[in-house]
Amino acid sequence: MTTGRTSAAPRPTAGALRLVEAATTQPRSVDISGYVRQMTAHCPYLAPSLQQGLTTWTVYRADGDAEAVQAELFHTGAQAAEWLRPLLNRPHGALRCQNIVLLGDVPGTRHRDLLAWPHWVLKNLYGPVGVMFGKFYVGEQEVTAAGHRIPAAPASFLPVRAAVRRRDPRFLRATPDLAAALAAADDDGRDVFEHLPTDWTEIRTWARHLLPPAKPSPSSPHIPANPP
């Protein structure tokens with residue numbers, strides 16, 4: 001499996017994320033214990049993953065401008081996905097989850113805006129090979145499709161885990177092409193970066209063509225600034 005592209009590509013943005021804690025099941029820099037305990041009621045795979053010590057948290061602090069932080073979140077997410085890919089078909093592979101936590105502020109930019117584009121690119125690149133990316137924003141309480149409230153996250157983070165082909169496509173109703181790719185996911189060992197540019201700005205431009213058609217409305221007549 002090819003992993004060189006994500007590490008060999010030029011990275012003028014290196015350093016825009018400062019590592020606070022390497023992958024750990026019990027981070028000290030952010031208190032996730034209560035949140036994780038509550039989330040087991042919403043994710044049937046979380047409790048067994050926790051019991052096996054297969055849910056980890058890597059904590060970073062933003063230390064750059066918005067575009068540089070986005071680039072580094074993308075790079076870090078790709079590294080996590082490439083690490084995960086060969087493990088998915090091994091024992092307990094479906095229970096593995098790496099969470100990329102973002103702390104700190106970028107003046108004038110919300111965490112929602114920092115995570116949106118890296119998340120969109122990564123889930124389009126890795127959905128077809130069976131890796132699922134999510135996104136949660138600090139303090140924001142979400143509601144499931146069934147109307148159940150999900151606890152507010154204590155920090156913003158991108159979870160990276162094995163896709164559940166029977167369940168995950170329902171979370172992607174707003175992006176049917178991506179849902180279909182995820183439902184039929186098969187990791188054939190492909191290099192997901194084979195036909196992509198190496199520069200983050202160019203990658204983000206490439207990813208715009210994957211956006212679903214914008215729904216016209218008086219308040220939002222154009223393509224949104226951030227993907228869904």
- Are Val138 and Leu114 co-members of a hydrophobic cluster defined by side-chain heavy atoms under 4.5 Å apart? no
- Query: When you check the side-chain N and O atoms of Asp177 and Thr175, is any donor under 3.5 Å from an acceptor?
  - Reply: no
One should read off an interatomic distance between Gln38 CD and Arg149 CZ, to the nearest 0.5 angstrom, of 13.5 Å
Sorted by chain and number, sequence neighbours left out, side chain to side chain contact (heavy atoms under 4.5 Å, CB included) with Arg61 holds for Val20, Leu103
* 4.5 Å side-chain heavy-atom contact, Val121 and Tyr126 -> no
Nearest heavy-atom contact between Pro159 and Asn99 is CB-OD1, 3.2 Å
For the CG atom on Asp63, are there more than 12 heavy atoms of other groups (residues, nucleotides or ligands in this structure) within a distance under 6.0 Å?
yes
On a heavy-atom basis, the closest approach of Arg85 and Gly189 is NH2-C, 3.7 Å
Do the side chains of Val131 and Arg161 get nearer than 4.5 Å, heavy atoms only? no
message: Walk me through whether Glu67 and Arg204 qualify under side chain to side chain contact (heavy atoms under 4.5 Å, CB included).
response: CA-CA 10 Å; Glu67 186 164 312; Arg204 190 174 56 196; 3.4 Å; yes
Heavy-atom closest pair (Tyr35 atom, Pro154 atom, distance to 0.1 Å) is CG-CD, 3.4 Å
Say whether Met39 and Val101 are linked into one hydrophobic cluster, either directly or through other cluster members, by side-chain heavy-atom distances under 4.5 angstrom.
yes
Taken to the nearest 0.5 Å, the spacing of Leu50 CG from Ser33 OG works out to 11.0 Å
OG1 of Thr13 to NE2 of His75, rounded to nearest 0.5 Å, is 8.5 Å
Val69 and Ala62 have their tightest heavy-atom pair at CG2-CB, 4.0 Å
Would you please test His92 and Leu54 for side chain to side chain contact (heavy atoms under 4.5 Å, CB included) and show each step?
CA-CA 8 Å; His92 308 301; Leu54 298 177; 3.5 Å; yes
On a heavy-atom basis, the closest approach of Ala207 and Trp117 is CB-CZ3, 4.0 Å
*Any side-chain heavy-atom pair of Thr56 and Cys97 under 4.5 Å*: no
Notebook entry, point to check: Do Lys135 and Arg112 come within less than 4.5 Å of each other through their side chains, counting heavy atoms only?
Noted result: no
Separation between CD (Gln79) and CG (Leu84), nearest 0.5 Å, reads 13.5 Å
Using the rule given for side chain to side chain contact (heavy atoms under 4.5 Å, CB included), can you reason through Gln70 versus Trp200, listing the C-alpha separation, both sets of side-chain angles and the distance that settles it, and then say yes or no?
CA-CA 8 Å; Gln70 282 187 335; Trp200 164 245; 3.6 Å; yes
(message) Could you tell me if Thr55 and Ser49 have a donor-acceptor pair between their side chains, going purely by distance under 3.5 Å?
(response) yes
* Report the relative orientation of the aromatic rings in Phe157 and Phe136; use parallel for angles under 30°, tilted for 30 to 60°, perpendicular for over 60°. => parallel
Between Thr76 and the options Leu19, Ile100, Leu122, the side-chain contact (heavy atoms from CB on, under 4.5 Å) test singles out Ile100
Query raised in the report: Do His195 and Trp206 have side chains that get closer than 4.5 Å, going by heavy atoms?
Result: no
Let's go through Thr58 and Glu21 carefully: what are the C-alpha distance in whole Å and the side-chain angles of both, what is the deciding distance for side chain to side chain donor-acceptor pair (under 3.5 Å) to 0.1 Å, and is it a yes or a no? CA-CA 6 Å; Thr58 303; Glu21 287 187 85; over 6 Å; no
Does Leu17 form a side chain to side chain contact (heavy atoms under 4.5 Å, CB included) with Leu102? I'd like the steps, not just the answer. CA-CA 8 Å; Leu17 286 184; Leu102 177 66; 3.7 Å; yes
dist Leu115:CG -> Arg110:CZ (nearest 0.5 Å) comes out at 11.5 Å
Is it true that atom CD of Gln52 has more than 12 heavy atoms of other residues, nucleotides or ligands lying nearer than 6.0 Å? yes
Query - Expected output: side-chain Asp105 to main-chain Pro107 donor-acceptor under 3.5 Å - result: no
Does the side chain of Phe74 reach to within under 4.5 Å of the side chain of Leu125, using non-hydrogen atoms?
yes
For Ile32 and Pro27, the nearest pair of non-hydrogen atoms, with its separation, is CG1-CG, 3.6 Å
If we only count heavy atoms from C-beta on, is the Val192 to Glu82 side-chain gap below 4.5 Å?
yes
Separation between CG (Leu46) and OG1 (Thr40), nearest 0.5 Å, reads 6.0 Å
May I ask you to test the Arg208-Trp120 pair for a side-chain heavy-atom distance under 4.5 Å?
no
